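Report on the following structure.
Every value quoted in this text rests on a predicted model; they were computed, and no experiment measured them.
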Amino acid sequence: MANKTVTADLPPPAPTSPSERIHVRELVKTFTRRGSEVTAVDRLDLQIRTGEFFVIVGPSGCGKTTLLRMLAGLETPSGGVIDIAEPGGDLPAHSMIFQGDSIFPWMTVWDNAAYGLTMRRRPKAEIREIVGHYLDKTGLTRFARSYPHELSGGMRQRVSIARAFSNDPDILLMDEPFSALDEQNKTLLQDELLRIWDETKKTVVFITHSVDEAVTMGDRVMVMTSRPGRVKKIVDVPFERPREVLELRAQPEYGELIHEIWGSLRSEVLEAQEREQLASLRGRS
Amino acid sequence: MTALDAGPRTEDAGAPPPVRPRRSRTAWLGSDRFLAVATPVLVLVLWEALAQVGIIDTRFFPAPSAIVVRGVEMLASGELVEHTWVSVRRLLIAILIGGVPALLLGLAMGLSRKLRAALDPIIAATYPVPKSAIFPLFLLVFGLGEASKIAVVAVGVFYPIAVNTVAGVREIAPIYHDVGTNFGARRWQVFRTIAFPGALPLILTGFNLAFGMALMLLVVAEMLGAKSGLGFLIWNSWQTFQVENMYVGLVVISLLGFLFALLVKGLEGVLVPWRKR
Ligand SMILES: Nc1ncnc2c1ncn2[C@@H]1O[C@H](COP(=O)(O)OP(=O)(O)O)[C@@H](O)[C@H]1O
Ligand SMILES: [Mg+2]
């Protein structure tokens, strides 16, 4: 267990079971912007198990990205503890699929997908094999030599997925990976991701603002409150794997789960909207 | 799973070919390319005619044909090649000496806030100083040999490249740095895989500006403190009142500038294939 951040007045880390991969306690993040403070994440507690597909839903602006960036070490917490169990061997701890376009425009699809392995100086043959495998899985083999500007948005997002999986991290952090896509592409990519995930069974933390997507993909779904982000509810998703998106949606339990999650999310979304309207009114006057 | 968006966006194969508006027979007269060639040709023809008729003073504005004839003579005697080669050599060495450190420092400054804080004021304060003004100083320090000319041009080249490189790195979206961090890129790898390629379009712009600066400084330096080179050729021709020779020097300099711009454009196509055009 590696303690990433410790604040003085917290109890020592509780002994964690070996199946627990991420343990977050009392996590706080406050941004200072033009003199005023914004608390994005407030005293958040969270445990994620090894091999679990953990989904976070919440209204926009509630601190989902901030939470994920703290897990990735890209943002320093203002308080609290993040424990992430060290992976065995020399696997990288985590790879992120960022919200929005994040593949390098100056690299070909192949070089983008190979980025993590190249940075870790893996042998050429290994890189060829792994990257070839995931470009194949994501249907990008034919475009290996293309540059991102020659691809559609959906294809660029697939490059980002291939890049993260090729890196073979212990934990995958995905920040609304499909939110910029149209409905059809989204469904196809969800299927694709489920299939790849079934092969690897990695620990996944997956952010979305779509309740449908949460229930389709996740083992558990955490609903966040509107800003400052806290845990409102955690819902178990009992569907068996391997899952198939369309089959899943035909089941009656699917609708019930959606209903349950929406029920707890709704008030948070309304609150977030209200705040936004207020802010824009204030901005105008 | 490529059924829905299979490949780069292509045009709808079933659509009828686009109908081109019919163009009139004289439309080419208005085309950009025609105008680009026609205007200078017209100026030259006019100049030639006025010179032949004697309306303009050929002691100051010799006919273009006379300049061409003199150019050919100077080529044949080897004089022109000699001067041009000397100048080009100075330019290339100076661009190397000034450009490479500018590039490396620019990348480092673009990446490091500390380094920017430390060096920005110095650069901002010395940037506006006309580099020709420090040539006398360089003559004092380096003497009349090659070093003083190369040094002043190198200093002139340094600024536009450094400043543009810093701007190029700063313009890279922060998310790419996050990607580098997340995928474990070390400092040098960030340099090589993010800062340099990301800044490359602006770096090339910097080189383009730098070459204009370099030509200007070189000619000044060669006029003041050299016995060879195109600047010397122009200055010497003026002093000996060989006006055609002076024009030949001017033409070669403008050709050099033009060729370098072409070179950078070609390099851009090779080095920045990812840029939407
Ligand atoms: N770098 C930052 N500086 C200041 N405020 C930020 C920064 N990043 C995020 N925020 C604020 O924190 C809140 C949560 O943002 P974010 O985590 O991106 O939300 P989400 O991903 O759930 O939409 C927002 O109000 C946002 O404006
Ligand atoms: Mg977000």
Side-chain angles (χ1 to χ4, degrees), chain A residues 69 72-75 92-108 111-112 114-121 137-143 146-156 158 160 163-164 166-167 169 173 181-189 191-192 195, chain B residues 1-13 103 107 110-111 113 164-165 167-205 267-277:
Chain A
R69 286 175 62 85
L74 292 172
E75 210 84 67
H94 43 70
S95 297
M96 183 119 154
I97 297 177
F98 291 85
Q99 184 171 9
D101 253 348
S102 73
I103 59 172
F104 298 119
W106 49 83
M107 288 182 196
T108 60
D111 290 340
N112 264 296
Y115 192 68
L117 292 170
T118 314
M119 292 303 100
R120 288 194 282 128
R121 302 213 173 84
K137 285 273 159 204
T138 46
L140 288 166
T141 308
R142 277 168 53 215
F143 308 106
S146 303
Y147 283 91
H149 77 266
E150 301 168 291
L151 308 179
S152 68
M155 293 168 81
R156 286 203 289 270
R158 276 187 260 157
S160 180
R163 174 171 71 185
S166 296
N167 198 32
L173 306 171
L181 304 182
D182 60 67
E183 198 61 35
Q184 294 111 24
N185 269 305
K186 188 188 291 193
T187 310
L188 288 175
L189 270 184
D191 256 333
E192 196 66 42
R195 230 173 306 152
Chain B
M1 70 146 299
T2 49
L4 280 177
D5 57 357
R9 283 159 258 153
T10 49
E11 306 209 339
D12 187 357
L103 185 65
L107 290 175
L111 288 174
R113 203 163 49 86
N164 274 280
T165 305
V169 176
R170 301 276 286 139
E171 216 160 79
I172 298 170
I175 189 151
Y176 297 123
H177 291 290
D178 290 342
V179 172
T181 308
N182 191 238
F183 284 88
R186 283 158 238 251
R187 190 178 290 262
W188 171 244
Q189 290 173 320
V190 171
F191 239 72
R192 203 167 45 77
T193 64
I194 298 172
F196 179 68
L200 200 48
L202 266 180
I203 290 174
L204 288 177
T205 305
L267 270 181
E268 199 161 41
V270 177
L271 296 176
V272 197
W274 48 274
R275 237 197 171 176
K276 279 172 245 180
R277 256 177 291 266

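For A/Pro92, no part lies under 4.5 angstrom from a heavy atom of chain B. Contact of A/Ile103 with chain B is made through the backbone alone, with heavy-atom distances under 4.5 Å. At a 4.5 Å heavy-atom cutoff, A/Thr108 makes no contact with chain B through either its backbone or its side chain.
Between B/Leu271 atom CG and A/Trp106 atom CH2 the span is 14.5 Å, to the nearest 0.5 Å. In this structure, B/Trp274 CH2 and A/Glu150 CD are separated by 13.0 Å, a value rounded to the nearest 0.5 Å. Rounding to the nearest 0.5 angstrom, the gap separating the CG atom in B/Asn182 from the CE atom in A/Met119 is 13.0 Å.
Contacts with chain B were tallied for A/Met107, A/Arg120, A/Arg121; A/Arg121 has the most, counting heavy-atom pairs under 4.5 Å. The residue among B/Ile175, B/Ile194, B/Val179 with the most heavy atom pairs within less than 4.5 Å of chain A is B/Val179.
B/Thr181 pairs by the side chain to side chain contact (heavy atoms under 4.5 Å, CB included) definition with A/Leu74, not counting sequence neighbours.
Taking each heavy atom of A/Gly116 and B/Phe183 in turn, the nearest pair found is CA-CD2, 3.7 Å.
Residues from residues 184-193 of chain B that place a non-hydrogen atom less than 4.5 Å from a non-hydrogen atom of chain A comprise B/Gly184, B/Ala185, B/Arg186, B/Gln189, B/Thr193, given in numerical order.
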Donor-acceptor contacts, no H, no angles, side chain residues 195-202 of chain B, under 3.5 Å, sequence neighbours left out:
none

Side-chain atoms of residues 95-102 of chain A: list all donor-acceptor pairs with protein atoms under 3.5 Å, sequence neighbours left out, distances to 0.1 Å.
unit_1	atom_1	unit_2	atom_2	d
A/Ser95	OG	A/Asn167	ND2	2.8
A/Gln99	OE1	A/Thr65	OG1	3.1
A/Asp101	OD1	A/Arg156	NE	3.3
A/Asp101	OD2	A/Arg156	NE	3.1
A/Ser102	OG	A/Arg163	NH2	2.8

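At most 12 non-hydrogen atoms from other residues, nucleotides or ligands lie less than 6.0 angstrom from CZ of B/Arg170.
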